[in-house]
Amino acid sequence: MSPEQIAAFALDFPEVTEEQPFGPGADVYKVAGKVFVILTPNEDPPRVTLKCEPSLALHLRGQYEAVSAGYHVDKKHWNTVLLDGTVPPDQLEEMVEHSYLRVVAGMTKAARSRIELALTEG
């Protein structure tokens with residue numbers, strides 16, 4: 001998947017915004033103000049950093065050479081994926097969705113309920 005495809009996929013989820021809090025070169029996608037994707041499209045190769053359940057994070061690091069511990073984030077809960085074409089697009093989509101759902105799961109009950117309702121309606 002290209003950085004543009006990752007961005008479009010992330011923006012399809014309810015209540016997602018795109019920001020550049022670190023300046024140009026790092027696109028940050030947030031759900032209700034909480035980060036779930038950090039995309040660096042201008043790196044060679046481009047990279048995406050995603051939140052992940054710790055045991056799954058380790059499994060994915062073992063399964064794909066392009067997946068490593070999160071860069072500049074909590075390495076237990078985040079993975080960085082090189083967008084070099086070695087991770088299948090459907091797997092990348094699953095990883096983005098998993099990141100989104102992990103972040104939503106940590107929100108207040110009211111926010112979680114609102115977002116889960118929007119997910120079922122959309």
Side-chain angles (χ1 to χ4, degrees):
M1 285 182 86
S2 70
E4 296 80 16
Q5 290 170 314
I6 297 271
F9 187 74
L11 287 167
D12 269 350
F13 290 102
E15 296 193 32
V16 172
T17 59
E18 179 183 9
E19 302 175 15
Q20 291 186 322
F22 311 118
D27 302 327
V28 176
Y29 298 84
K30 297 180 177 182
V31 53
K34 304 285 185 183
V35 176
F36 77 103
V37 173
I38 303 169
L39 184 63
T40 51
N42 300 324
E43 296 285 321
D44 187 22
R47 303 160 199 252
V48 63
T49 300
L50 303 162
K51 191 156 193 176
C52 192
E53 188 277 322
S55 63
L56 178 58
L58 292 173
H59 171 76
L60 291 168
R61 292 174 201 166
Q63 187 173 3
Y64 298 105
E65 213 173 288
V67 179
S68 61
Y71 184 69
H72 285 301
V73 290
D74 182 341
K75 294 174 182 353
K76 181 178 179 181
H77 295 276
W78 291 82
N79 278 338
T80 294
V81 183
L82 301 177
L83 300 177
D84 61 2
T86 61
V87 178
D90 60 328
Q91 181 63 58
L92 279 166
E93 287 182 355
E94 284 182 32
M95 294 165 77
V96 171
E97 182 175 12
H98 176 75
S99 181
Y100 178 87
L101 294 174
R102 291 284 297 171
V103 171
V104 169
M107 294 182 172
T108 64
K109 185 176 181 181
R112 196 171 54 245
S113 296
R114 182 184 71 243
I115 292 167
E116 289 171 350
L117 179 63
L119 277 170
T120 59
E121 291 176 346

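What you are looking at is a predicted structure, and each value in this text was computed from that prediction instead of being measured. Every heavy atom of this structure was used, including side-chain atoms; hydrogens, water molecules and symmetry mates were not.
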How far does CG of Leu119 sit from CZ of Arg114, to the nearest 0.5 angstrom? 11.5 Å
Please report the interatomic distance CD(Glu4) to CG(Leu83), rounded to the nearest 0.5 Å. 10.0 Å
What I'd like to find out is whether the side chain of Val35 reaches to under 4.5 Å of the side chain of Thr49, using heavy atoms alone. no
Val28 versus Phe22, closest heavy-atom pair with distance: CG2-CE1, 3.6 Å
Looking at Leu117, is its backbone amide N or carbonyl O close enough to the side chain of Thr120 to form a donor-acceptor pair, meaning the two atoms are under 3.5 Å apart? yes
Can you sort out the partners of Phe13 under ring pair (Phe, Tyr, Trp, His ring centres under 6.0 Å), two or more places apart, ordered by chain and number? Phe9, Tyr100
Interatomic distance, Ile115 atom CD1 to Thr108 atom OG1 [nearest 0.5 angstrom]: 8.0 Å
Short side-chain donor-acceptor distance under 3.5 Å, His98 and Glu94: no
Quick one: closest heavy-atom pair of Ala32 and Met107, and the distance? CB-CE, 3.7 Å
For the residue pair Ile38 and Tyr71, establish whether any side-chain heavy-atom pair is separated by less than 4.5 Å. no
Say you draw a straight line from CG of Asp44 to CG of Asp84; how long is it, rounded to the nearest 0.5 Å? 10.5 Å
Any side-chain to backbone donor/acceptor pair from Ser113 onto Lys109? Under 3.5 Å, distance only. yes
Can you find a pair of side-chain heavy atoms, one from Asp27 and one from Gln20, that are under 4.5 Å apart? yes
